[in-house]
Each structure stands twice: as C-alpha cells, then as structure tokens.
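One structure coming up, written as structure tokens, with questions to follow.
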Amino acid sequence: MVAYLNPRKFLWGAATSSHQVEGHNIHNDWWAWEQEGHIEGGVRSETATDHWNRFREDIQLAADLGLTSYRFSIEWSRLEPEPGKWDRASLEWYSELIAECERNGLLPMLTLHHFTSPKWFAEKNGFCNENAPNEFVAYVEYVAKNLGSRIPLWCTFNEPMVLAVGTYIAKIMPPAIFSPASVSIISRNLLRSHVRAYETLHSQIPERKGPWKDLPVQVGIAHSMLDFMPDRAWHPLDQLLSFTFHRFYNLSWLDAVTGRAQRFSLPFLVPRSPVVKEALSRRTVDFIGINYYTKAYVQWRPRDTGDGKSAEMPLGIVFARRREPMSDVGWAIHPQGLMRVMKAASRYGLPIYITENGIADREDQYRAEYLKTHVQQIQDAIAAGLDIRGYYYWSLLDNFEWIKGFGPRFGLFAVNYDSFERSARSSVTAYKSIIDTANRDAPRTFS
Ligand code: BGC
C-alpha cells in the first residue's frame with residue numbers, strides 16, 4: 001500500500017512549461033524548428049514570456065491568487081546542452097525557482113519532459129532511437145540527485161500520446177514527418193523511458209528536504225484525454241472510430257503504465273510494437289494526471305475533402321460544431337467531458353490530478369464560467385467518491401502556444417509581449433473566489 005498525499009488537502013494550482021514561458025531555450029529541437037519558419041506567421045519563441053528573468057514575480061502572482069501548488073517543467077536542453085555536459089548555472093536557476101515556490105507555499109509538481117528535447121538528442125532521432133531511454137535517464141538521475149529531495153510530485157512525460165501523434169501523424173511538432181509506424185516506435189521508447197524514470201525517482205532521490213519532505217514521492221504522467229464522440233451519432237463507422245480513438249488515445253497509456261496491455265496501435269495505420277516487458281504486470285505510476293480541454297467529434301471520411309484534414313487519413317476530427325460555445329482556437333467548451341474522462345481514469349484505482357485544464361480566451365469572455373463549470377465537475381466527482389487530488393489551470397500566463405505561436409491566450413495573467421508586463425484578467429478574481437468558496441464549503445475535501 002502506497003501512502004499518498006493527504007486526500008483532504010486538495011491542491012489548487014496553475015501550470016506552465018519551460019519552453020512556453022522561459023525564453024531563449026536555444027539548445028532544443030523546437031528552437032531549431034522555429035528558425036526554419038514552421039510556426040504560424042513565421043514567429044519564434046524568442047524571449048517567450050521572459051519567465052527566466054521574471055519568475056519571482058510570476059510565483060508571487062500565483063501565491064497571491066491563493067494557489068497551493070505550481071506545475072512547471074524542467075528544460076532538459078538547458079541542463080544538458082551537449083551530451084554529458086551539465087550546466088550548473090541552469091541547475092541553480094531551477095533550484096531558485098523551487099526555493100521561490102517553497103517561500104510562497106506552492107507545492108512544486110515537476111514535469112521532466114514537456115515536448116522539447118535537446119537538439120543533439122533530436123538529431124539522433126530523438127525517442128525513436130533505441131538508446132533514447134539511457135540518455136533520458138541520465139538526465140533524470142541528474143535532476144533526481146540535484147533537485148529531487150525537495151519535490152513531492154513528478155510527471156515524467158507531458159502528453160506522450162500527443163508527442164507521438166503530433167510529431168508523426170498531425171505533423172505539428174518537430175520533425176513533423178508523416179510516419180504512423182514511428183508512432184509505435186516512439187511510444188514504445190517513451191514507455192521504456194518512463195519506466196526507467198519511475199524507478200530512478202523512487203530509488204535515487206537523496207534524503208528529502210524542505211517543506212514537503214514528509215510527503216512521499218509520487219510519480220505519474222500528465223496524460224491528454226479528449227471526450228470522443230461520433231460526429232454522426234447514427235453512423236456505424238463514426239461510432240466505431242470514436243470508440244477506437246477513445247481506446248487508443250485515452251486508454252492505451254493508462255493501460256500501459258498500470259501493467260496492462262500495451263496497445264499503441266491503430267488498425268490499418270499504426271502497427272503494433274514489441275511489448276516493453278519491464279512495464280508488464282506492474283504499476284509504474286502512483287497517480288494519473290489528466291490534461292483535459294475539450295471534446296472531439298470523429299468522422300469517417302473516405303475522400304480528401306480538400307480542407308487538409310483528411311489528406312493522409314480517411315478521418316475527420318473536429319473539436320466543436322459551428323454554433324457551439326468555443327475557445328479562440330475552436331475547442332468546444334464541454335465541462336461534462338471532464339466528468340467522463342475522470343470516470344474513465346478512475347477505473348485504474350489511482351489518485352487523479354487534473355494536471356491541465358484551460359481555455360484560449362483573449363477577451364476573457366468565457367474563462368470564469370469555464371473555470372466554474374469544470375471545477376464543479378470535480379466537486380461532483382469527489383462527492384461521487386472519485387479520488388481527485390488537485391486542479392491545475394492551464395496556464396498561469398499567456399505563453400508560446402507551440403505551432404500557433406503567441407496568438408492563443410490561455411493565461412490567467414495577460415502578457416504584453418512588448419513590455420513583458422503581466423496583468424490580471426478578471427477571471428483571476430473568479431478563480432480566487434472559487435478557491436475561497438470551496439475551502440469554506442467543503443473543508444474536508446477542499447482545504
Ligand atoms: C499542452 C500545453 C499546451 C496546451 C494548450 C496541452 O496539450 O500540454 O503545452 O499549451 O495543451 O494547447
């Protein structure tokens with residue numbers, strides 16, 4: 001039996017990732033890809049939000065909002081800009097970031113890999129290389145030994161499914177090659193890397209220190225889940241595809257990290273990969289992190305409809321219908337879907353954190369309501385007996401939204417990209433009052 005965080009201590013958080021906020025991550029694969037002009041409008045991450053220089057202010061903003069946890073990622077390419085060469089100054093910076101969290105009562109949840117890899121690693125085929133787990137684990141060991149004693153909550157990978165599909169099917173991540181066979185290769189190696197990281201974190205963290213030293217080390221993944229549904233409810237192929245996608249996208253990673261089947265495959269598209277024996281019949285996560293944003297309507301489309309979506313696959317996926325309320329990036333606002341994915345994840349019998357949930361909403365029209373309705377789903381889930389331990393809004397700040405550049409605004413705090421000034425959107429007050437009310441009304445689960 002594993003001891004978990006006190007279930008009465010629900011964590012209220014916000015999340016960011018290194019490349020999206022820090023600025024000048026010049027040694028990673030995304031930076032290199034950006035220079036080739038792949039980002040919408042030809043923009044580059046450049047200074048991003050200048051979090052590297054403004055992290056104290058940002059942590060202060062999070063603390064003033066009443067948050068009790070902060071999820072961030074470490075940039076592997078900063079710590080190891082060249083193979084085997086470790087950058088002490090970057091390590092110091094992350095140590096200071098953690099110290100700032102400690103001073104402000106923000107329990108750190110640390111993600112080891114959030115989409116970006118060092119350029120030298122990517123140039124050798126990244127996680128498609130058989131040797132990738134060894135290289136990744138050297139980095140994990142370095143983090144575990146140097147920072148690990150102060151960190152209770154870990155995500156090894158952010159959205160491994162999105163990384164695989166985004167790179168080799170959707171082509172929205174470097175090197176953006178259509179290669180469904182690579183989806184199974186990378187998934188297998190990500191799983192191998194995850195298992196090794198799980199073991200490393202549980203065996204190589206030195207004596208615990210700091211405000212959370214008595215909490216056990218808990219390791220999970222931050223897993224993207226969508227509420228899949230057939231586009232045409234009556235259409236048997238849409239139904240079949242929607243079910244197939246739910247199994248592949250939502251469940252295959254959860255199955256794999258809980259020692260069940262490893263099904264990183266799709267009929268006629270993604271071939272099966274050899275089984276990772278070291279992940280069989282054992283659990284390699286202590287909690288499940290869910291990143292939930294929206295629904296996905298799935299449609300069988302045998303011909304290219306000319307919209308670019310089905311050129312390589314007889315498939316259409318849309319995230320909202322025309323008249324539905326949706327975010328600036330066209331994702332339907334669909335809080336009921338959060339309940340559905342929480343229920344699906346809870347079948348694995350592990351504690352759950354909502355490691356990301358948020359909306360791109362520049363004018364802040366929907367964000368307060370979005371927060372309220374999604375948190376309500378969590379409260380209902382807890383009342384129904386689901387073990388949900390925390391909620392992280394994505395994102396603390398506006399940031400570099402990958403291939404979409406700086407257009408989408410997910411932040412609780414708006415960033416002015418000329419002055420880098422932060423300003424609170426009105427939904428900051430809404431989030432604060434949700435937290436206060438929850439603490440008052442349900443102190444047993446939300447304190
Ligand atoms: C990712 C974030 C991203 C967010 C909004 C998640 O899939 O983890 O990095 O910014 O979605 O697109």
Side-chain angles (χ1 to χ4, degrees), residues 13-23 25 28-31 33-34 39-40 43 45 48-49 51 70-77 109-117 154-167 169-174 190 220-228 249-250 253 288-296 317-320 326-334 337-338 341 353-362 366-367 370-371 374 391-415:
T16 62
S17 90
S18 53
H19 192 65
Q20 294 179 272
V21 296
E22 288 173 0
N25 278 323
N28 74 29
D29 53 347
W30 270 84
W31 181 274
W33 203 56
E34 288 157 31
I39 309 303
E40 279 180 27
V43 300
S45 59
T49 71
H51 181 64
Y70 176 52
R71 174 174 174 239
F72 61 93
S73 74
I74 296 240
E75 180 61 37
W76 178 7
S77 66
M109 176 187 271
L110 190 159
T111 304
L112 286 160
H113 189 277
H114 195 124
F115 295 161
T116 54
S117 294
W154 299 78
C155 298
T156 56
F157 286 96
N158 181 70
E159 302 186 347
M161 176 56 80
V162 174
L163 182 63
V165 171
T167 306
I169 292 183
K171 300 195 295 183
I172 53 168
M173 295 177 162
L190 286 170
I221 56 170
H223 176 51
S224 167
M225 296 182 86
L226 285 160
D227 189 15
F228 288 100
Y249 187 95
N250 286 342
W253 266 92
I288 291 171
I290 299 178
N291 293 358
Y292 172 79
Y293 289 87
T294 190
K295 61 171 79 164
I317 294 186
V318 290
F319 298 108
M326 62 176 92
S327 74
D328 295 345
V329 291
W331 296 355
I333 300 175
H334 178 56
L338 177 57
V341 299
Y353 291 87
I354 306 306
T355 36
E356 283 180 31
N357 173 242
I359 180 167
D361 180 18
R362 182 185 286 263
Y366 298 117
R367 190 172 284 103
Y370 184 98
L371 270 158
H374 285 76
Y391 175 81
Y392 294 82
Y393 180 79
W394 181 274
S395 177
L396 181 64
L397 307 168
D398 287 343
N399 57 48
F400 178 70
E401 178 53 30
W402 307 114
I403 198 158
K404 293 199 180 303
F406 290 103
R409 302 290 186 129
F410 279 88
L412 289 164
F413 292 90
V415 174

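Ligands are counted one by one from 1 in listed order, and the atoms in each one are counted from 1 as well. Side chains included, hydrogens not; waters and symmetry mates left out as well; all remaining heavy atoms used.
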query: Below 4.0 Å from any atom of ligand 1, is there a heavy atom belonging to Phe400?
result: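 Contact check Phe400 vs ligand 1: negative.
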- prompt: Counting N and O atoms only, with roles assigned by atom type, does the side chain of Ser73 sit under 3.5 Å from a partner on the main chain of Ser18, one being a donor and the other an acceptor?
  reply: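 Looks like yes, one N/O pair under 3.5 Å.
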- request: Using distance alone, decide if ligand 1 has a nitrogen or oxygen within less than 3.5 Å of any nitrogen or oxygen in Ser17.
  value: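 So ligand 1 has no N or O lying under 3.5 Å from an N or O of Ser17.
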field: For atom 6 (C) of ligand 1, closest protein heavy-atom neighbour
entry: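 The closest heavy atom on the protein side is Glu356 OE1, 3.0 Å.
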- prompt: Only one of Tyr292, Tyr391, Tyr293 clears side chain to side chain donor-acceptor pair (under 3.5 Å) with Asn357; which?
  reply: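 The residue from Tyr292, Tyr391, Tyr293 that satisfies side chain to side chain donor-acceptor pair (under 3.5 Å) with Asn357 turns out to be Tyr391.
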message: Please check whether Trp402 reaches ligand 1 - meaning an N/O of the residue sits under 3.5 Å from an N/O of the ligand, judged on distance alone.
response: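 Yes - when backbone and side-chain N and O of Trp402 are compared with those of ligand 1, one distance drops under 3.5 Å.
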query: Is the His113 ring parallel, tilted or perpendicular to the Trp76 ring (thresholds 30°, 60°)?
result: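 His113 and Trp76: perpendicular rings.
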- prompt: Who passes ring pair (Phe, Tyr, Trp, His ring centres under 6.0 Å) against Phe115, sequence neighbours left out?
  reply: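 For Phe115, the residues satisfying ring pair (Phe, Tyr, Trp, His ring centres under 6.0 Å) (neighbours in sequence not counted) are Trp402.
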- prompt: Is it true that Trp394 and His114 have ring centroids separated by less than 6.0 Å?
  reply: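 Yes.
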task: Return yes or no for this condition: an N or O of Glu401 is under 3.5 Å from an N or O of ligand 1.
output: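 Yes, since at least one N or O of Glu401 sits under 3.5 Å from an N or O of ligand 1.
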query: Can you check whether Trp253 reaches Leu190 side chain to side chain, under 4.5 Å on heavy atoms?
result: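 Answer yes - side chains close enough.
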- prompt: For atom 4 (C) of ligand 1, what is the nearest protein heavy atom, given as residue, atom name and distance?
  reply: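 The answer is Tyr293 OH, 3.4 Å.
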field: His114 near ligand 1 by a heavy-atom separation under 4.0 Å
entry: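 Within the 4.0 Å threshold, so yes.
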field: Winner among Gln20, Met161, Glu159, His19 once heavy atoms are compared against atom 9 (O) of ligand 1
entry: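 Comparing heavy atoms across Gln20, Met161, Glu159, His19, the nearest one to atom 9 (O) of ligand 1 lies in Gln20.
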- prompt: Between Asn158 and ligand 1, which residue portion shows a heavy-atom distance shorter than 4.0 Å: side chain, backbone, both, or neither?
  reply: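 Under 4.0 Å from ligand 1, Asn158 contributes side-chain atoms alone.
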query: Which distance, rounded to the nearest 0.5 Å, do you find between the CE of Met161 and the CG of Asn291?
result: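 Taking CE in Met161 and CG in Asn291, the distance rounds to 13.5 Å.
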- prompt: Hey, which atoms in ligand 1 end up nearer than 4.0 Å to a heavy atom of Trp331?
  reply: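 Taking each heavy atom of Trp331 in turn, ligand 1 has 12 (O) under 4.0 Å.
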